[in-house]
Each structure stands twice: as structure tokens, then as C-alpha cells.
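Report on one structure; see the data block that follows.
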Amino acid sequence: MEAQDGINGHAQNGTAALNGTNSNLDYQEIPVIDWRLSETDKPRFLRELRDAMINIGFLYLGNHPVPKDVVDRVKEMAPKFFSLPPETKEALHMRNSAHFHGYLKVDPSVTNDRGYEYNDVREQFNYGGDNYYKWKEGDPEHLKLRGEALVEEWPPEEDLPGFREALLTYYDHLEDLSLKFTRLVSEALGLAPEALDVLFGGERHLLQPRCKVMRYPGSRVEGKVGIGVGAHVDGSFLTYLLQVTDHKTLQVKNLSGDWIPVPPKDGTFVINLGKTLEKATRRVLPATPHRVLAPVGPTRYSIGFFSSVGFNVRLADSSFDFPQEVLDMKVARDKRLGVSSDFAFREKDYDLSGDVVLSRKLRSHADVAQKFYPKLFPQYYPNGMPDKPMTGRRELK
Ligand SMILES: O=C(O)CCC(=O)C(=O)O
Ligand SMILES: [Fe+2]
């Protein structure tokens, strides 16, 4: 019955899982979930969403409510930013930001991943929303992640007119979408729409979603397959990805272990599950490994919005009363994958999320740690500044 409702036939996975039959964990295409169905046929929307999230971990969100002109503006701005003179970008370097905002050129040795013929440089611009917090002595260090609104973190308006406005408008829309979408995720998991709100509760400055504009230069190594970002899972709650250019280099690892292309689809966002969501749901929704190959032809651009939970939330405190039907889907999936359904929190899951996020960033950016977090620097770098840049991104072997 559900099969005929499914997009790309994936809706049947949930049914198959519930019946204990063979589900399509080796899918070759990721499903498109139509946002409009959340208004016109909610049961079907929730069924498709639940299946995509439990059994696939990646989805396209089509017909979403973010206005096309807002999306078009950031698509237009992304390449313009990276065409700014190197000294303008350098002046915006992340090492000048306590909030880990700004420009970064990721060294090839950092994106290094085994099994590829070469690695390439990636450039990125990171930013947060306009709802900042003025950190004061005595506040937890992680509140510096929010910090003050600094115009210096943006290119001078005359160098790139409209950039700041376009990116902040996009951010606001994505933040709004992410809060609405999370309520639908809650319902798809058989919980009350507000059940997951506890993870975001509190004041807005205690939340820290981030946006990242990325540039992957075209391959300079004829006929070789390079890697743009090695295989990894995101630390986010959910990631909303806008692929700006028409490349087919983003890939997701399906639950059977094959790399599946996630080509751009007009008018959609790609959504994938992050580690925070995995922990909060005790692996009902596992984070999804993905990677980006270096483009062979022209330069690729993409923009990621990474939602995250409140700084005061301890993930190990979360406990949601999933209905048996959902738990059965999880167990059926794990059984087919041959992995254990047991879940145990790690020590850091008992810490405040703000501290966990800060710790990950401090480990990745020694220069920011030294300049803006002098109290914490010696703890992370007992031997002083490291010679080599590091990455907090844990590459999957
Ligand atoms: O560029 C992309 O499409 C994805 C980048 C990514 O996976 C990340 O930044 O976490
Ligand atoms: Fe990612």
C-alpha cells in the first residue's frame, strides 16, 4: 500500500523493515521528499521522511519554503566572494575571529584521505547569524562562539556589494526552515512535534547554527581522481546543503557501503544526518558518511547550513519515547547491516554541547585557540603551537 506512495520506491523500505523483509539498504538514488506534502498529505510525508531518515540518512527536500530569489542571490554571491583579491580574503582569515568565522584555505594535507590519487585545496567562508551575544568576563568560554557582531568579519561592502545582506538573509531562512523541519522529523519518529524542542530550548544565543560557503577548484591533475573532502560524518544535528554548480562529485555511502552520487537537483536542498542527531536519538538516526571528489572540470561551489543543539544541552540527558514501530525499524536495519543495535554514550556526551563544539574547534584551529582562548590553549596544546595544521574532521577509514 505504501509502495505506490513512495518517491523512487523508497517509501516501501519502511514497510519492508516493519515486515522484516529485505529492505533496499543498497539504494542507488536518494529520495526526494516533497515539502508541500507536509501540508497536503501529512501522513505520507511523515512516512517517506521516516523511511529516508532511518534507512537512508540522506534526502532531497523539494518544494521547500525558502524563496527562490533568496537562494539565487547566494548562488550568485558564492563565486564572487572567492574571486576577491587574496589580500582581501586573507584579511578575513578565521585566525582573526573568536567565533571561528571567516575565510579558510584548507590545506591538502588536512583533507588527506587514503585511496585517492591526490588531494586538493578547498577554500571556505564560515559565518553565523546576526543574532550575536556580547561575551563578558565570567561567562562560559563557549559563549565566545557567538560573540559580537563584527563587521570586520565580512568583506568591505564596496568590495562585494550585497554579500553580507544576501548571506545573512539566507541564514535566517535556513534557520527558520531547520526549526520547522526538525518538528516534522520529530513527528516522523512518532513523537509529538515539539518533542525535540528540548534540544534547542533556551535563548537563541545558546544556539549556534553555522553556514559555510565552499569552493573546490577544478582538478589540475589530468585524468586522476582527487578528493575535495574525504569521507566523514558531520558533527551537526542536520546539514542542509545547497549545491551551487552542476557537479556530480558529492557522494553518500549507502548502508551497504557503496558510494552513491548525490547530483544537484534544482529547487532542492540535500539534507543529511549529523552526529549530534545520531546521539540524541541513540542511533535511531545514524549520521551518514559522505565525501566530495575534486571536480575534474570547472570549479565547484556549495553552501552548507549546519544546525546544532543548544549550548546548555547535554546529549546524554536526552531520552525520547520512540514508539515500538520506530524502534523495530531501527533494529531491522541494524540486523540487515549486521551491526549491533546497542548504543552507549561516550564520556563527552555528558558535557555541555557548547563545550563539545568548542573543544572540536580548538583542536582544529590552534591559531584561534592561542589568540582568543588563552586559558584553554595550554590544555589543548601542551607543547605550544603545532607545526602542521590539523583538522577536527574525523576522516573515516
Ligand atoms: O561541498 C559539499 O557538497 C559538502 C561539504 C561537506 O560535506 C561538509 O562541509 O561537511
Ligand atoms: Fe559534510
Side-chain angles (χ1 to χ4, degrees), residues 30 56-61 71 74-75 77-79 81-82 94 100-108 110-113 116 119-128 167 170-171 174 178 208-219 226-254 259-266 268-278 285-308 357 360-361 364-365 391-396:
I30 67 168
I56 296 179
F58 250 67
L59 58 100
Y60 292 97
L61 187 64
V71 173
V74 288
K75 280 185 161 179
M77 288 292 173
F81 171 80
F82 295 105
M94 188 183 282
F100 300 85
H101 288 166
Y103 173 74
L104 202 63
K105 200 166 186 169
V106 184
D107 191 271
V110 169
T111 49
N112 193 16
D113 195 8
Y116 302 98
N119 296 285
D120 215 334
V121 173
R122 184 178 82 241
E123 286 182 275
Q124 59 187 56
F125 178 76
N126 289 39
Y127 71 103
L167 267 71
Y170 181 74
Y171 181 99
L174 267 286
S178 73
Q208 180 58 82
R210 290 194 173 245
C211 241
K212 184 162 82 175
V213 187
M214 291 163 273
R215 171 182 189 268
Y216 302 84
S219 167
I227 196 74
V229 189
H232 67 280
V233 294
D234 292 343
S236 61
F237 187 75
L238 286 164
T239 301
Y240 302 74
L241 198 67
L242 174 65
Q243 303 194 74
V244 173
T245 42
D246 196 22
H247 291 79
K248 297 181 176 58
T249 48
L250 171 66
Q251 298 181 327
V252 54
K253 199 177 208 174
N254 71 15
W259 286 107
I260 307 302
V262 189
K265 281 190 203 277
D266 246 5
T268 69
F269 292 119
V270 172
I271 298 185
N272 69 274
L273 317 182
K275 205 69 190 168
T276 306
L277 178 59
E278 170 176 316
L285 301 182
T288 332
H290 53 285
R291 68 182 183 186
V292 181
L293 301 178
V296 171
T299 299
R300 173 177 187 267
Y301 298 93
S302 62
I303 304 175
F305 178 89
F306 301 85
S307 72
S308 60
V357 172
R360 197 161 59 220
K361 291 188 179 295
S364 309
H365 305 285
T391 178
R393 193 190 282 293
R394 230 173 331 122
E395 305 281 344
L396 303 171

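Counting convention: from 1, in listed order, for ligands and their atoms alike.
At a heavy-atom cutoff of 4.0 Å, ligand 1 is contacted by no atom of Val270, backbone or side chain. If you look at Lys212 next to ligand 1, the close heavy atoms, those under 4.0 Å, all belong to the side chain. Contact annotation: for Gln243 versus ligand 1, there are no heavy atoms closer than 4.0 Å. For Leu241, every heavy-atom contact with ligand 1 shorter than 4.0 Å involves the side chain, none the backbone.
Residue contact check for ligand 1: Arg300 places a non-hydrogen atom closer than 4.0 Å to it. Put simply, part of His232 is less than 4.0 Å from ligand 1, judged by heavy atoms.
Within ligand 1, counting atoms from 1 as listed, the ones closer than 4.0 Å to a heavy atom of Ser302 are 1 (O), 2 (C), 3 (O). Atom numbering of ligand 1 starts at 1 in the shown order; those under 4.0 Å from a heavy atom of Val292 are 1 (O), 2 (C), 3 (O), 4 (C).
For Tyr60 and Phe269, the distance between ring centers is not under 6.0 angstrom.
Side chain of Glu278 to main chain of Ala287: a donor-acceptor pair is present (N/O by atom type, distance under 3.5 Å, no hydrogens or angles).
Taking the Fe ion (ligand 2) as reference, the nearest N/O/S atom within Asp234 carries the name OD1.
Taken from NE2 in His101 to CZ in Phe125, the straight-line distance is 8.5 Å, to the nearest 0.5 Å.
Legend: residues meeting side chain to side chain donor-acceptor pair (under 3.5 Å) with Tyr103, ordered by chain and number and at least two apart, are Glu123. Taking the side chain to side chain donor-acceptor pair (under 3.5 Å) definition, one finds that Gln208 meets it with nothing, sequence neighbours left out.
There is no side-chain donor-acceptor pair under 3.5 Å between Asn272 and Thr288.
The shortest N or O to N or O distance between His290 and ligand 1 is under 3.5 Å.
Rounding to 10 degrees gives 90° for the angle at the Fe ion (ligand 2) between NE2 of His232 and NE2 of His290.
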